[in-house]
2 protein chains.
Amino acid sequence: MIQKETAKERILRVASQLFYLEGVRAVGIDRIIAESGVAKASFYRNFKTKDELVGAYLNLRNMDSLSGIEATKERYPDEPAKQLYGIIERLVSQMREPGFRGCPFINVLVEFPDSAHENHQEAMQCRVEQEREVALIARQAGARSPEVLAAQLKMLYGGAFIEAYTNKSTLNTEYFYEAAKLLIEAQLPAKPSCIE
Amino acid sequence: MIQKETAKERILRVASQLFYLEGVRAVGIDRIIAESGVAKASFYRNFKTKDELVGAYLNLRNMDSLSGIEATKERYPDEPAKQLYGIIERLVSQMREPGFRGCPFINVLVEFPDSAHENHQEAMQCRVEQEREVALIARQAGARSPEVLAAQLKMLYGGAFIEAYTNKSTLNTEYFYEAAKLLIEAQLPAKPSCIE
DNA sequence: TCCTAGTGGTACAGACCTGTCTCATTCCTA
DNA sequence: TAGGAATGAGACAGGTCTGTACCACTAGGA
């Protein structure tokens with residue numbers, strides 16, 4: 001028999017969509033309850049507070065991101081340079097999706113400006129983990145300063161996500177790709193680009 | 001006689017600080033009223049709604065940004081390339097200020113995800129104006145594709161602001177400067193960088 | 001001195017939000 | 001089939017937020 005979706009799973013799935021599309025603060029518990037067809041009591045049996053649900057949402061998005069990076073690594077085994085470009089390409093295609101609404105972690109960071117807030121800290125942690133993964137690949141690819149490259153790509157991608165979110169023109173994704181390429185090429189052991 | 005600060009001016013000054021430091025949604029009218037020592041009635045006599053106050057706040061910040069760019073232009077007259085670097089340096093020093101809390105426009109964009117919302121649209125407009133200014137300077141500096149460079153710098157700076165806001169390490173501001181330099185150099189008529 | 005515009009103080013309405021509680025029902029398993 | 005765990009429906013409390021209404025005060029000009 002096919003396992004039916006539990007109330008908890010349904011809540012998390014619906015909340016994840018709503019939080020991402022409309023913002024965490026803008027979406028209330030009542031809305032989540034209504035759209036997931038769950039009773040309020042069931043909600044609070046599965047999640048102690050709304051913040052706990054937000055934590056689960058962040059965790060879900062983080063797993064998605066990390067497994068996306070993992071998939072890219074497996075696609076180009078032992079070719080870390082290609083892995084880097086693959087990650088950038090994956091970001092580009094994300095930005096072009098219709099439901100794209102920026103980086104969920106940045107959004108939560110801005111929605112909860114208090115750096116002591118648990119959601120703020122969790123979102124920050126997610127970004128750190130991603131950066132660490134990229135730095136690792138950059139190191140394997142022979143980047144001169146892998147941490148610097150990872151930090152620079154993180155900045156560029158953060159801003160690009162905001163741009164892609166507020167301006168649907170695909171031009172920006174191309175500009176993003178070109179800029180990322182420049183940053184990567186400046187760090188990788190040069191294929192001699194001056195000779196041509 | 002020195003003109004006393006009117007209630008309206010006091011409200012906008014206090015609100016501007018609070019909105020930037022703690023977020024627009026997180027700061028309520030009551031808080032603004034209390035901290036600016038104004039009566040609630042006086043508030044609503046000067047601003048029809050909270051959204052109108054947010055609009056005034058965005059406008060104030062936009063004036064600051066644009067006049068900052070203007071000042072940089074006047075500092076290096078007829079040297080558009082230096083103007084570009086000057087703008088980047090100004091961003092870096094902003095990021096290093098203690099009260100730095102990211103880009104006010106990006107923050108509003110994220111806090112009001114509905115693209116039809118007036119605050120969302122106003123914030124977007126502010127960013128467009130800044131980008132246009134930078135594109136103009138890039139064109140004067142002889143950039144191959146001024147609009148591309150302006151868009152790329154906009155992305156980089158947006159992400160850098162988020163990074164600087166969540167991570168106070170000054171390292172990131174250096175990485176930002178280096179990355180911006182790379183993007184600019186790739187666009188400006190080359191001082192021959194292959195010969196050395 | 002009087003009058004008026006701007007202001008301060010505060011109570012209040014109406015909406016929304018989070019979280020608790022009660023009770024009936026359903027579903028899975030033993 | 002019987003019992004227990006999970007669920008659905010919804011009322012309710014307590015808080016916060018925006019915006020309105022009412023009244024008293026003050027300062028400055030006629």
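The structure displayed is predicted, hence computed values, not measured ones. Residue numbers begin at 1 in each chain, while the letters A, B, ... track the order of the sequences.
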Fill in: is_close_aromatic(B:F161, B:Y165), centroid dist under 6.0 Å
no

Discussion item. Suppose we screen for salt bridge (Lys or Arg N to Asp or Glu O under 4.0 Å). Which residues come up paired with B:E174, at least two apart in sequence or across chains?
Written reply: none

Fill in: Short side-chain N/O contact to C:dG8 OP1/OP2 from B:S42, under 4.0 Å
yes

Practice prompt. Name all pairs fulfilling the salt bridge (charged side-chain N to carboxylate O under 4.0 Å, His left out) condition that reach into residues 18-47 of chain A, sequence neighbours left out, sorted by first residue then second.
Written response: A:E22-A:R31, A:D30-A:K40, A:R31-A:E35

Response to the item:
Note: A:F47 and A:E52 closest approach over all heavy atoms is CA-OE2, 3.9 Å

Practice prompt. For C:dG8, take OP1 and OP2 only and decide whether either is under 4.0 Å from a side-chain N or O of B:R10.
Written response: yes

Discussion item. Distance check needed: D:dG8 C1' versus A:N46 CG, whole Å only.
Written reply: 13 Å

Item to complete: Return the set of residues passing side-chain hydrogen bond (donor to acceptor under 3.5 Å, both in side chains) with A:D51 (not counting sequence neighbours), or none when no residue passes.
Response: A:N119

Worksheet item: CD of A:E22 versus P of C:dC16: gap in Å, rounded?
Response: 15 Å

Practice prompt. Taking all heavy atoms of B:A141 and all of B:P189, pick out the closest pair and write down the distance.
Written response: O-CD, 3.8 Å

Worksheet item: Where along nucleotides 12-26 of chain D does protein come under 4.0 Å, by heavy atom, of base (B) or sugar-phosphate alone (S), with - for untouched nucleotides?
Response: ------BBBB-----

Worksheet item: Could you give the CD1-to-C1' distance, from A:I32 to C:dC16, as a whole number of Å?
Response: 15 Å

Practice prompt. Take atom CG of A:L53 and atom P of C:dG19, then tell me their distance rounded to the nearest Å.
Written response: 10 Å

Practice prompt. Would you name the heavy atoms of A:Y175 and B:V148 that are closest together and state the gap between them?
Written response: CE2-CG2, 3.4 Å

Response to the item:
salt bridge (Lys or Arg N to Asp or Glu O under 4.0 Å) filter on B:E129, not counting sequence neighbours, yields none

Worksheet, complete the sentence: With five pairs defining each end axis, the helix from C:dT1-D:dA30 to C:dA30-D:dT1 comes out bent, to 10°, by 0°

